[in-house]
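Note that the coordinates shown come from a computational prediction; the quantities given were computed from them, not determined experimentally.
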Amino acid sequence: EPQTYYPPNTYPTCGTPPLPPKPLPMAGYSFTQLMDVIEDQWFESGRLQIAKQALNSNWFTANQVAEMMHAMSFEDTRLELAKAAYYKTVDTENYFIVNKEFWFSSSVDELSRYLSGI
């Protein structure tokens, strides 16, 4: 019978299934480069487009998502990014962190409603 590899801290005990390994978030240096490119964009639409490009092929921490949101000038853009980035966040249990980047409680409410519908 072939041996099964279990990443650290995921070995099944007492018949419980192993936890699936989580993907690694974007490395610090690469994230710094991404933020430089985002911040170099003149227009909000360009900033959002670059952020969404990065979401297509990378994973992020909740703190990294909050930092990307901080680079956006408009509340609507921050909310759109927060919704899109949730699916590519490795620590969704910490996603409450992104709420600090909103100016209005209505945005926090809308994100909460959106996430509860997933």
Side-chain angles (χ1 to χ4, degrees):
E1 177 175 315
Q3 289 191 333
T4 304
Y5 169 73
Y6 295 99
N9 301 324
T10 63
Y11 187 82
T13 58
C14 301
T16 58
L19 298 171
K22 288 187 174 186
L24 293 174
M26 184 180 255
Y29 178 72
S30 297
F31 184 73
T32 299
Q33 287 183 309
L34 171 62
M35 289 306 300
D36 288 345
V37 173
I38 288 173
E39 290 166 354
D40 281 348
Q41 301 302 305
W42 281 86
F43 297 105
E44 185 87 349
S45 59
R47 286 188 216 116
L48 182 60
Q49 182 180 14
I50 299 297
K52 284 186 170 182
Q53 271 181 359
L55 289 173
N56 284 335
S57 53
N58 295 282
W59 291 84
F60 296 90
T61 65
N63 277 315
Q64 288 174 325
V65 172
E67 192 171 336
M68 284 191 289
M69 289 170 61
H70 189 77
M72 305 299 156
S73 302
F74 301 111
E75 187 82 353
D76 287 348
T77 312
R78 290 174 182 218
L79 182 58
E80 184 177 343
L81 179 56
K83 288 177 179 179
Y86 182 80
Y87 299 102
K88 297 302 293 263
T89 301
V90 297
D91 59 336
T92 53
E93 68 275 11
N94 296 325
Y95 213 65
F96 61 87
I97 292 167
V98 306
N99 291 326
K100 71 180 181 181
E101 296 305 325
F102 292 124
W103 296 313
F104 305 111
S105 61
S106 59
S107 297
V108 173
D109 294 343
E110 181 166 339
L111 180 62
S112 294
R113 279 192 303 277
Y114 176 79
L115 296 179
S116 68
I118 293 177

Taking C-beta and beyond as the side chain, do Met68 and Leu34 meet within less than 4.5 Å on heavy atoms? yes

- [ ] Compute both the distance and the angle, then confirm whether Lys88 meets the cation-pi test with Phe60: under 6.0 Å from the six-membered ring centre, within 45 degrees of the axis.
- [x] no

Over 12 foreign heavy atoms within 6.0 Å of CH2, Trp103 | yes

### Task
Could you tell me whether the side chain of Leu48 reaches within less than 4.5 Å of the side chain of Lys52, counting heavy atoms only?
yes

### Under 3.5 Å: donor-acceptor pair, side chain of Glu44, backbone of Phe74
yes

When every non-hydrogen atom of Ala66 is compared with those of Glu101, the smallest separation belongs to O-CG, 3.3 Å

Here the gap from Glu67 atom CD to Ile38 atom CD1, rounded to the nearest 0.5 Å, amounts to 9.0 Å

- Message: Check this for me: does any side-chain nitrogen of one of Arg47 and Glu39 sit under 4.0 Å from a carboxylate oxygen of the other?
- Response: no

In short, Ala62 meets Thr89 closest at the heavy-atom pair N-CG2, 3.7 Å

- Check the hydrophobic clustering (I, L, V, M, F, W, Y; side-chain heavy atoms under 4.5 Å; chains of links allowed) and say if Tyr114 and Val98 are grouped together. yes

Closest non-hydrogen contact found for Pro23 with Val90 is O-CG1, 3.1 Å

* **same_hphob_cluster(Ile97, Val108) at 4.5 Å side-chain heavy-atom cutoff** => no

Checking the side chain of Asp91 only, and the main-chain atoms of Thr61 only, is there a donor and an acceptor separated by less than 3.5 Å? no

All heavy atoms of Gln64 vs all of Trp59, minimum pair found to be OE1-O, 4.3 Å

Let's go through Glu110 and Lys83 carefully: what are the C-alpha distance in whole Å and the side-chain angles of both, what is the deciding distance for side-chain contact (heavy atoms from CB on, under 4.5 Å) to 0.1 Å, and is it a yes or a no?
CA-CA 10 Å; Glu110 181 166 339; Lys83 288 177 179 179; 2.8 Å; yes

- prompt: Side-chain contact, heavy-atom cut-off 4.5 Å: Tyr86 with Leu111?
  reply: no

*asked:* Quick one: does any side-chain atom of Ser30 pair with a main-chain N or O of Met26 as donor and acceptor, under 3.5 Å?
replied: no

Do the non-hydrogen side-chain atoms of Tyr87 and Leu55 ever get within less than 4.5 Å of each other? no

Between the CE atom in Met35 and the OG1 atom in Thr32, the distance rounded to the nearest 0.5 Å is 9.0 Å

In this structure, CG of Asp76 is separated from OG of Ser107 (nearest 0.5 Å) by 7.0 Å

Nearest heavy-atom contact between Leu81 and Met72 is CD2-CE, 4.0 Å

To the nearest 0.5 Å, atom CG of Leu115 lies from atom CZ of Phe96 at 13.0 Å

Pair Ser73, Arg78: side-chain N/O donor-acceptor within cut-off below 3.5 Å: no

